[in-house]
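Working notes, structure below.
Order of appearance sets the numbers: ligands from 1, and atoms from 1 within every ligand. The chain is numbered in sequence order, starting from 1.
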Amino acid sequence: MIVAPSILSADFSNLLQEVKEVRGYGAKFLHIDVMDGHFVPNITMGPVVYKDLKGKVDIVFDVHLMITDPLKYAKDFAVAGADYITFHYEAVKDVIGAIDAIKKLGVKVGISIKPNTAVEVLNHILPYVDLVLIMSVEPGFGGQTFMSNALDKIAYLAAQKKQYHYHYLIQVDGGINKETAFLCHNAGCEVVVAGTYIFGNNDRQAAIKGLLAL
Ligand code: DX5
Ligand code: ZN
């Protein structure tokens, strides 16, 4: 399992050390939650927050855009050092066009769906993406409870990937802890995002180790 700590729950006054710490425990992805107060009812961070981390920690910058106009800002996030840029299916009319445009920025591209969006809407998109992110909470805030309808979606994506030899990574985000990560792993998930469970944990090393062992 690839572990992607979400910096939403990190101590921003000590961000570089926080990121170095989780990298040291074996986290290979760094999940960066971007919210615009419009697509979701919360405002978080722009590219300026992580651009200076780039080059200082060897970790994959996994940017999750929860914003209304991802194409308007994708270039800024790419220039700041994103490795993956994931945007929401619900935010964009021409999804395939947006995927192409983001790929041209030289980054990998992911698509995400909210809990009330059926996974089958992604059928025609799956051949073109590097990552599919299933939201297991309503996007907007950390610290919410895992919604188990994510599991069927993960299993569906795993079956499609196997049948058609697609290359995307299957990622889940929201309410992840050791128990919910175990369920996601069994369903076929390859990357777990965890904010509260890692950064809010008294023993972050044990938390990450438990997830890595799945
Ligand atoms: C929610 C964000 C998540 C969030 C996860 O909108 O996309 O990445 O930080 O937080 P936890 O792990 O606390 O549910
Ligand atoms: Zn996220």
Exercise. Can you find an N/O atom of Gly143 closer than 3.5 Å to an N/O atom of ligand 1?
Worked result: yes
Exercise. Nearest heavy-atom pair of Ser9 and Phe199: which atoms, and what distance?
Worked result: O-CB, 3.2 Å
Problem set entry | ND1 (His64) to the Zn ion (ligand 2) to OD2 (Asp173) angle, given to the nearest 10 degrees | 100°
Problem set entry | Atoms in ligand 1 with a heavy atom of Val193 nearer than 4.0 Å | 8 (O)
Problem set entry | Candidate list Lys161, His185, Gln171, test side-chain hydrogen bond (donor to acceptor under 3.5 Å, both in side chains), partner Glu190, passing option | Lys161
Exercise. Between CD1 of Ile96 and OH of Tyr128, what distance do you get to the nearest 0.5 Å?
Worked result: 5.5 Å
Exercise. What residue and atom, counting heavy atoms only, is the protein's closest point to atom 14 (O) of ligand 1, and at what distance?
Worked result: Gly175 N, 2.8 Å
Exercise. Will you find, in the side chains of Tyr166 and Asp130, an N or O donor that is under 3.5 Å from an N or O acceptor?
Worked result: no
Exercise. Hey, is NZ on Lys75 packed in by over 12 heavy atoms from elsewhere, all under 6.0 Å?
Worked result: no
Exercise. Which atoms of ligand 1 are found less than 4.0 Å from any heavy atom of Leu8?
Worked result: 9 (O)
For this session: Output the list of atoms in ligand 1 that are nearer than 4.0 Å to some heavy atom of Thr196, sorted by atom number.
Result: 11 (P), 12 (O), 13 (O)
Seminar exercise, completed: Within the 4.0 Å heavy-atom cut-off, what Asp33 brings close to ligand 1 is side chain
Problem set entry | ligand 1 versus Ser6: contacting region, heavy-atom distance under 4.0 Å | side chain
Exercise. Taking only heavy atoms of His31, which atoms of ligand 1 are found under 4.0 Å from at least one of them?
Worked result: 8 (O)
For this session: Please check if atom NZ in Lys108 has more than 12 non-hydrogen atoms from other residues, nucleotides or ligands closer than 6.0 Å.
Result: no
Problem set entry | N/O separation below 3.5 Å, Pro139 to ligand 1 | no
Seminar exercise, completed: Candidates Gly142, Ser9, Ala194, Ala4; heavy atom nearest atom 10 (O) of ligand 1 found on Gly142
For this session: Give the numbers and elements of all ligand 1 atoms closer than 4.0 Å to a heavy atom of Gly174.
Result: 14 (O)
For this session: State yes or no: are the ring centers of Tyr84 and Phe61 separated by less than 6.0 Å?
Result: no
Seminar exercise, completed: Checking Lys153, His88, Glu90 against Thr117 for side-chain hydrogen bond (donor to acceptor under 3.5 Å, both in side chains), the one that qualifies is Glu90
Problem set entry | Donor-acceptor side-chain pairing of Asp11 and Gln17 below 3.5 angstrom | no
Exercise. Is any N or O atom of Gly140, backbone or side chain, closer than 3.5 Å to an N or O atom of ligand 1?
Worked result: yes
Exercise. At a 4.0 Å threshold, what atoms of ligand 1 neighbour a non-hydrogen atom of Met35?
Worked result: 6 (O)
Exercise. Can you find a side-chain donor-acceptor pair between Asp33 and Thr44 that sits under 3.5 Å?
Worked result: no
For this session: Please say whether Met135 places an N or O atom under 3.5 Å from an N or O atom belonging to ligand 1.
Result: no
Exercise. Of all the heavy atoms in Phe146, does at least one lie under 4.0 Å from an atom in ligand 1?
Worked result: no
Exercise. Taking N or O atoms only and a 3.5 Å limit, does Asp173 qualify as a polar contact for ligand 1?
Worked result: yes
For this session: Mind checking whether Tyr197 contacts ligand 1 via backbone (N, CA, C, O), side chain (CB onward), both or neither, at a 4.0 Å heavy-atom cut-off?
Result: neither
For this session: Heavy-atom contacts with Phe141 under 4.0 Å: which atoms of ligand 1 show up? List them by number with element.
Result: 1 (C), 6 (O)
Problem set entry | Donor-acceptor pair between Thr86 and His64 side chains, under 3.5 angstrom | no
For this session: Identify, for atom 12 (O) of ligand 1, the protein heavy atom at the shortest distance, and state residue, atom and that distance.
Result: Gly195 N, 2.8 Å
For this session: Please could you name the atoms of ligand 1 that His64 approaches to less than 4.0 Å, counting only its heavy atoms?
Result: 7 (O)
Problem set entry | Lys/Arg N to Asp/Glu carboxylate O, Asp76 vs Lys51, below 4.0 Å | no
For this session: Check step by step if salt bridge (charged side-chain N to carboxylate O under 4.0 Å, His left out) holds for Arg23 and Glu18.
Result: CA-CA 9 Å; Arg23 180 68 192 93; Glu18 296 276 89; over 6 Å; no
Problem set entry | His31 atom NE2 and Asp33 atom OD1 as seen from the Zn ion (ligand 2), angle to 10 degrees | 90°
